[in-house]
Amino acid sequence: MTQAARFDRGHTDDLMTFLAASPSPYHAVATAAERLEKAGFRQVAETDAWDGTRGGKYVLRGGAIVAWYVPEGAAPHTPFRIVGAHTDSPNLRVKPLPDSGAHGWRQVAVEIYGGPLLNSWLDRDLGLAGRLTLRDGSTRLVNVDRPLLRVPQLAIHLDRSVTADGLKLDKQRHMQPVWGLGHDVRDGDLIAFLEDTAGIPAGEVTGWDLMTHSVEPPAYLGRDLDLVAGPRMDNLLSVHAGTAALTAVASGASQPASIPVLAAFDHEENGSQSDTGADGPLLGNVLERSVFARGGSYEDRARAFAGTVCLSSDTGHAVHPNYAERHDPTHHPLVNGGPILKVNVNNRYATDGSGRAEFTAACEAADVPFQSFVSNNSMPCGTTIGPITAARHGIRTVDIGVAILSMHSARELCGADDPFLLANALTAFLER
C-alpha cells in the first residue's frame with residue numbers, strides 16, 4: 001500500500017470541487033459562504049447592529065470573508081483563534097476599455113495581476129469570470145467556464161532565438177488574448193456578451209472586475225494518483241481547509257475555549273492594501289465589534305487581542321527536483337509530508353519560537369506531521385499576510401501552509417494528502 005492510499009481522499013475530492021467552483025475571489029467567498037450557511041452560520045451586514053448571541057456569523061465584503069463562531073458562555077474578553085488566508089491568485093484581468101484587436105483578430109485588453117508565470121498562460125483555453133456591477137449598485141457574479149479566450153504563442157519558425165535565449169514575453173504586447181475574428185472592433189462587445197450570458201438587460205452593467213481562468217478542471221496526477229494538479233491552489237487550498245476546519249469546530253460535540261475565526265482576504269498578491277485586504281481594517285473591525293456586541297469594553301478588547309493567535313496559512317515551496325540548488329540545503333519540504341512551518345528571521349514570515357510551539361501543539365493534537373521551510377540565504381524570500389496581521393492588530397501570528405510546485409502558474413501541483421493534513425491541523429488549532 002502506498003502512503004497516499006492510507007488517507008481518505010474525500011477532503012481532496014472536495015477541494016477540487018471548491019477550486020472548480022471558485023474562478024475568482026468573488027466566487028470563492030460565495031462558495032465558502034454557502035458551506036458556512038449549511039453549517040448553520042448566518043450572514044450579518046456591516047451596516048446593521050450586531051448582537052453577541054451564540055452561533056456562527058460571517059461578513060462578506062467584495063472578495064473577502066470573515067467568519068466566526070461564538071461558543072456558549074463566551075465572555076467579552078474571550079480570545080480569538082484565527083485562520084488567515086487569501087482568495088486572490090495571479091492572473092490576467094480585463095481592462096476598463098476591453099475591446100481591442102488587430103489584423104483581423106478580435107482581442108480582449110488585459111492587465112497583469114500579481115506575479116503570474118506568464119508562460120503558463122500561453123496556448124491555454126481560458127474562461128472569464130468575476131463580478132459585474134449594475135446601474136442600481138447591485139452586483140452579479142458571472143462565469144464563462146468554457147474555452148473563450150486564448151493567448152497564442154508565437155510559432156518557433158518566427159522566433160528561432162527562443163531555442164537559444166529562452167522565451168521572453170512583453171507584458172503589454174504579448175499577453176493580450178484573442179476571442180474571435182473581425183476587422184471592426186466595437187466598443188461594448190465584451191460587456192454586452194457577458195450581459196447576455198448572465199441574463200442581464202443590455203446596458204445595465206456599468207462596472208466590472210473580470211479575470212481569466214483555465215477551464216481545465218483539477219485532476220489527480222501520477223502513477224499512484226498521489227498528486228493533484230489544479231488552478232488557484234495559492235491560496236484557495238488554505239481557504240478551503242480553513243472553511244472545513246471552522247465548520248467542523250462549530251458543529252463539534254464540545255465547545256471551543258476560544259472564538260474560532262476564518263479570515264480570507266483579497267489582494268494579497270499585490271500588497272494587501274485595500275478595504276478587503278489584510279492591510280485594511282476589515283479583520284480588526286469584525287473582531288472589535290464581536291467584543292462590543294457581547295457587552296465588552298475597550299479593556300475587554302485589549303485582553304481578547306492579547307490572547308489571540310493567528311495561523312496565516314498560505315502555500316509554500318516544495319523542493320523542486322530540477323532546481324534543488326535554489327532551496328536551502330538543509331530544508332527540503334516534500335509534498336505529502338504534511339504542512340510546512342515558514343520561518344524568516346527578517347520577518348517576511350511572522351513565525352517565532354513561541355509560534356512554532358503553538359503550531360507543534362496543534363499538529364501533535366491532530367497526529368499530523370509537519371515540516372520546516374526557510375529560504376536559501378542567496379534567494380529573496382516571499383511574504384504573506386502573516387507579518388501584516390501581526391503588525392496591524394498586535395496579534396501573535398504564525399506562518400504555515402502546504403508545499404507545492406509551480407507556484408503562481410495557471411496550474412499548480414500539490415500532494416494529494418497534504419490538503420487533508422492541513423485541514424486536520426487547522427481544526428486542532430481552532431479547537432484549542
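Not measured: the values here are computed from a predicted model. Excluded from the calculations below are hydrogen atoms, water molecules and symmetry mates; all remaining heavy atoms, backbone and side chain alike, are included.
By the salt bridge (charged side-chain N to carboxylate O under 4.0 Å, His left out) test, Glu195 is found to be paired with no residue, residues two or more places apart in sequence or in another chain being considered. The ring pair (Phe, Tyr, Trp, His ring centres under 6.0 Å) test applied to Trp68 returns Trp50, not counting sequence neighbours. Remark: Asp125 engages Arg150 in a salt bridge (charged side-chain N to carboxylate O under 4.0 Å, His left out) (not counting sequence neighbours). Residues passing the side chain to side chain contact (heavy atoms under 4.5 Å, CB included) test with Ser378 are Asn376, sequence neighbours excluded. For His174, the side chain to side chain contact (heavy atoms under 4.5 Å, CB included) partners at least two apart in sequence or on another chain are Leu169, Asp170. For Asp189, the salt bridge (charged side-chain N to carboxylate O under 4.0 Å, His left out) partners at least two apart in sequence or on another chain are Arg106, Arg186. By the ring pair (Phe, Tyr, Trp, His ring centres under 6.0 Å) test, Phe292 is found to be paired with no residue, residues two or more places apart in sequence or in another chain being considered. Contacts of Glu364 classified as salt bridge (charged side-chain N to carboxylate O under 4.0 Å, His left out), with partners at least two apart in sequence or in another chain: none. Residues passing the side chain to side chain contact (heavy atoms under 4.5 Å, CB included) test with Thr308 are Pro79, Phe80, Ile82, Ile395, sequence neighbours excluded.
In this structure, Thr247 and Leu36 have side chains that are in contact, with non-hydrogen atoms separated by less than 4.5 Å. Between Thr133 and Arg140, every side-chain heavy-atom pair lies at or beyond the 4.5 Å cut-off. Taking 4.5 Å as the limit, some side-chain heavy atom of Thr212 sits within range of a side-chain heavy atom of Leu128. Counting heavy atoms from C-beta on, the side chains of Met16 and Val228 come closer than 4.5 Å. Counting heavy atoms from C-beta on, the side chains of Leu190 and Val94 come closer than 4.5 Å. Using a 4.5 Å cut-off on side-chain heavy atoms (C-beta onward), Leu262 and Val66 make no contact. At least one side-chain heavy atom of Asp234 sits under 4.5 Å from a side-chain heavy atom of Glu269. By the 4.5 Å heavy-atom criterion applied to side chains, Leu413 and Ile404 are not counted as neighbours.
Within the structure, the ring pair (Phe, Tyr, Trp, His ring centres under 6.0 Å) test picks out the following pairs touching residues 197-242 (sequence neighbours left out): His11-His240, Phe18-His240.
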task = Please assess Asp352 against Ser354 for the test side chain to side chain donor-acceptor pair (under 3.5 Å), listing each intermediate value before the final yes or no.
result = CA-CA 6 Å; Asp352 61 9; Ser354 65; 2.8 Å; yes
task = Determine, step by step, whether Leu210 and Leu194 satisfy the side-chain contact (heavy atoms from CB on, under 4.5 Å) criterion, reporting the C-alpha distance in whole Å, the side-chain angles of both residues, the deciding distance to 0.1 Å, and the verdict.
result = CA-CA 10 Å; Leu210 299 166; Leu194 294 175; 3.4 Å; yes
message = Under the criterion side-chain contact (heavy atoms from CB on, under 4.5 Å), I'd like the reasoning laid out for Leu126 against Arg124: C-alpha separation, chi angles, the key distance, then a yes or no.
response = CA-CA 6 Å; Leu126 303 176; Arg124 190 178 293 275; 4.2 Å; yes
task = Check step by step if side chain to side chain donor-acceptor pair (under 3.5 Å) holds for Thr17 and Asp14.
result = CA-CA 5 Å; Thr17 299; Asp14 190 61; 5.0 Å; no
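Side chains of Gln371 and His331: a donor-acceptor N/O pair is absent below 3.5 angstrom, by distance only. Side chains of Ser274 and His267: a donor-acceptor N/O pair is present below 3.5 angstrom, by distance only. Asp399 and Ser312 form a side-chain donor-acceptor contact under 3.5 Å, judged by distance and modelled atom types alone. Thr427 and Asn424 form no side-chain donor-acceptor contact under 3.5 Å, judged by distance and modelled atom types alone.
The side-chain tip of Arg81 points at the ring of Phe429 from less than 6.0 angstrom away and within 45° of straight on.
Of all heavy-atom pairs between Leu426 and Gly242, the closest is CD1-N, 3.9 Å. Of all heavy-atom pairs between His86 and Val239, the closest is O-CG2, 3.4 Å. Nearest heavy atom pair, residue Arg301 against residue Glu288, reads NE-OE2, 3.0 Å. Residues Leu60 and Ala33 come closest through the heavy atom pair CD1-CB, 4.3 Å. Taking each heavy atom of Pro339 and Leu421 in turn, the nearest pair found is CD-CB, 4.1 Å.
Note that CD1 of Ile259 is 4.5 Å distant from OG of Ser290, once rounded to the nearest 0.5 Å. The distance from atom CE of Met175 to atom CD1 of Ile112, rounded to the nearest 0.5 Å, is 5.0 Å. Atoms CG and CD1, on Leu97 and Ile191 in that order, are 10.5 Å from each other to the nearest 0.5 Å.
Annotation: Asp136, atom CG; neighbour count of heavy atoms from other residues, nucleotides and ligands within 6.0 Å is above 12. Enclosure of atom CD in Glu46 by more than 12 non-hydrogen atoms of other residues, nucleotides or ligands within 6.0 angstrom is indicated. At most 12 non-hydrogen atoms from other residues, nucleotides or ligands lie less than 6.0 angstrom from NZ of Lys171.
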Please list every donor-acceptor pair under 3.5 Å in which a side-chain atom of residues 156-167 meets a protein atom from a residue at least two apart or in another chain.
residue	atom	partner	partner atom	Å
Asp159	OD1	Ser161	N	3.4
Asp159	OD1	Ser161	OG	2.5

Tell me which donor-acceptor pairs under 3.5 Å the side chains of residues 24-31 have, and how far apart each pair is, sequence neighbours excluded?
residue	atom	partner	partner atom	Å
Ser24	OG	Tyr26	N	3.3
Ser24	OG	His27	N	3.2
Ser24	OG	His27	ND1	2.7
His27	NE2	Val142	O	3.4
Thr31	OG1	Ser22	OG	3.4
Thr31	OG1	His27	O	2.8

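Under a 3.5 Å cut-off, the side chain of Thr12 and the backbone N or O of Ala416 do form a donor-acceptor pair.
A salt bridge links Arg432 with Glu358: the distance from a Lys NZ or Arg NE/NH1/NH2 to an Asp or Glu carboxylate oxygen falls below 4.0 Å.
Using the six-membered ring where Trp is involved, Phe41 and Tyr69 have ring planes that are tilted, between 30° and 60° apart.
When the options Asp266, Asp279, Asp88, Thr383 are evaluated for a side-chain contact (heavy atoms from CB on, under 4.5 Å) with Ser272, the one that passes is Asp279.
A ring-centre distance under 6.0 Å is found for Phe359 and Phe370.
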